[in-house]
Amino acid sequence: MSEKEDLAKQKAAAAAKAKAVALARKQAKAESADAEDETDIAKQKAAAAAKAKAVALARKRAKDEAAEKPEDEMDIAKQKAAAAAKAKAAALARKRAKEEAAEKPEDEMDIAKQKVAAAAKAKAAALARKQAKEDATEKPEGEMDVAKQKAAAAAKAKAAALARKQAKEDATEKPEGEMDVAKQKAAAAAKAKAAALARKQAKAESAEKPEDEMDIAKQKAAAAAKAKAAALARKRSKEDATEKPEGEMDVAKQKAAAAAKAKAEAAAKAKAAAAAKNRTAVKESEEVIIPNELSPNQSKLDQIVSAIESHLGQGALLEHYINRLSKDVPTLVANPDTYFSIAKFMRYDEQLDFSYLSELHGTDFESHMEIYVHLHSFKMNQSVALKVKLDRESPVIPSLVSLWSGANWPECEAYDLLGINFYEHPDLKRILLGDDWKGYPLRKDYQPYDVEV
């Protein structure tokens, strides 16, 4: 068949189609002069007749062209005809909706809109299913998967858009109380739908993924579920906290405080046990690691001890030794009654002349308290340690500030943190903690007054 004959047939079909539409419009206008109720029925019948006629003409035209065209041209013609029919149907639906909107009151308009929307949605779904079936019969397996994914994505997007549109329309019509209920229902439905889609997608992916990828996916899902559960738990605890009365809140605080206090006590006991164990190990090591050879400072120690005993008597010192673990420092252990007298003698004796106090600190040994004073003599070019043991229950010792002004701050620190009282101190006070602080933090049995701090 020649191209001219094809054009002639197309023109004839278009003319027939246009004539049919014109006749339908004329018929509809003629029937509109009847009563209002009959007008609606007549219009619907005319629209249905026109639509059926158009569909029949389109099918006839498609058959005629199918008998004359080869297979490749047939596919293109089908696609064009389907697109044209779809566009024409949409145009007719819009036109029909506008005409009915101009004639119907507001209440009937809403019902009509809903019917038209439902019909359009059903028609679109039917066309989509039909198109999918046709595509499925023509496409290979690889293209089918891609097409299914695209179709699913398009359907999902379209459904979401329709849901949002419907929600907006419902929101403009419903009062506030119904709006909240509707929102909750919509949220629940959306959540359920999303969960179902996620499960379906997970199943589909699990059927395609190898074992290693499955394990990773399971781990990710488990981690996400765990995080979500933790977030829900935190949210629930906050809600419970806002809902509980004051009495229950106080009980909860007391329980938390008691638990924290018990935990602190257990930690303090464990720490004290570990410290006692370490001290025992150090003491044993001191007893073991004692070389037989004399220390280079032994002669200095003998000189200092001899001077003190000749001046204050044999019982002034309880003990004296070379501390091998501290650079062979000569160490003097004083009697609490002779502590100040020994310190004063070492400070002002012309031969000794320990004019510099470099360190003073206290230590809690659980069985007793101890003061350690580190002195230096520039004349002898020698350092010495002076120690004194105190009663732990009432640690009291004379102050050395009158001999060395550098003892002022260290004695205040020992008083603040250990509770050692230095009498005759010019200004003994707490320097790190407040005056109302309960207890002494460097004592081994210290328990915080406020466990929450």
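Heavy-atom basis, side chains included; hydrogens, waters and symmetry copies ignored. All values reported here derive from a predicted model rather than from experimental measurement. Residues take their numbers from the sequence shown, with the count starting at 1.
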[X] versus [Y]: any side-chain heavy-atom pair under 4.5 Å?
X      : Y      : answer
Ile420 : Tyr440 : no
Ile322 : Pro330 : yes
Ser399 : Tyr415 : no
Val384 : Met346 : yes
Leu390 : Tyr339 : no
Ser295 : Arg324 : yes
Ser377 : Leu352 : no
Phe422 : Ile371 : yes

Side-chain polar contacts of residues 423-435 - donor-acceptor pairs under 3.5 angstrom, sequence neighbours left out - could you list them?
residue : atom : partner : partner atom : Å
His425  : ND1  : Asp427  : N            : 2.9
His425  : ND1  : Leu428  : N            : 3.1
His425  : NE2  : Asn408  : O            : 3.3
His425  : NE2  : Asn408  : OD1          : 3.2
Arg430  : NE   : Asp416  : OD1          : 2.7
Arg430  : NH1  : Trp437  : O            : 3.0
Arg430  : NH2  : Asp416  : O            : 2.9
Arg430  : NH2  : Asp416  : OD1          : 3.4
Arg430  : NH2  : Gly439  : O            : 2.9

Please report the closest heavy-atom contact between [X] and [Y], naming both atoms and the distance.
X      : Y      : result
Leu386 : Ala334 : CD1-CB, 4.0 Å
Trp404 : Ala343 : CH2-O, 3.5 Å
Pro395 : Gly419 : CG-O, 3.7 Å
Leu360 : Ala407 : CD1-CB, 4.3 Å
Ser326 : Val329 : O-CG2, 2.8 Å
Pro296 : Asp328 : CD-OD2, 3.7 Å

**Request:** For the pair Glu370 (side chain) and Phe365 (backbone), establish whether a donor and an acceptor sit closer than 3.5 Å, ignoring hydrogens and angles.
**Result:** no
**Asked** Between the side chain of Lys344 and the main-chain N/O of Leu403, is any donor-acceptor distance below 3.5 Å?
**Response** no
Drop me the distance from [X]'s [atom1] to [Y]'s [atom2], to the nearest 0.5 angstrom.
X      : Y      : atom1 : atom2 : result
Glu366 : Arg392 : CD    : CZ    : 7.0 Å
Lys444 : Leu442 : NZ    : CG    : 9.5 Å
Asn297 : Thr331 : CG    : OG1   : 10.0 Å
Lys438 : Gln447 : NZ    : CD    : 16.0 Å
Gln303 : Gln351 : CD    : CD    : 7.5 Å
Tyr446 : Leu417 : OH    : CG    : 10.0 Å

**Request:** Let me see the working for Ile397 and Met369 under side chain to side chain contact (heavy atoms under 4.5 Å, CB included), right down to the final yes or no.
**Result:** CA-CA 11 Å; Ile397 199 73; Met369 293 283 186; over 6 Å; no
**Message:** Tell me whether the rings of Phe378 and His376 are parallel (<30°), tilted (30 to 60°) or perpendicular (>60°).
**Reply:** perpendicular
**Message:** Applying side-chain hydrogen bond (donor to acceptor under 3.5 Å, both in side chains), can you list everything that pairs with Ser367, at least two apart in sequence or on another chain?
**Reply:** none
**Asked** Does OH in Tyr348 sit with more than 12 non-hydrogen atoms of other residues, nucleotides or ligands closer than 6.0 Å?
**Response** yes
**Message:** More than 12 heavy atoms of other residues, nucleotides or ligands under 6.0 Å from NZ of Lys389: yes or no?
**Reply:** no
Distance-only donor-acceptor pairs under 3.5 Å for side chains of residues 305-321, two or more places apart:
residue : atom : partner : partner atom : Å
Ser310  : OG   : Ser306  : O            : 3.0
Ser310  : OG   : Ala307  : O            : 2.8
Tyr321  : OH   : Lys387  : NZ           : 3.4

**Message:** Could you go through Leu418 and Thr363, starting from their C-alpha distance and side-chain angles, then the distance that decides it, and tell me whether this counts as side chain to side chain contact (heavy atoms under 4.5 Å, CB included)?
**Reply:** CA-CA 8 Å; Leu418 288 164; Thr363 307; 5.7 Å; no
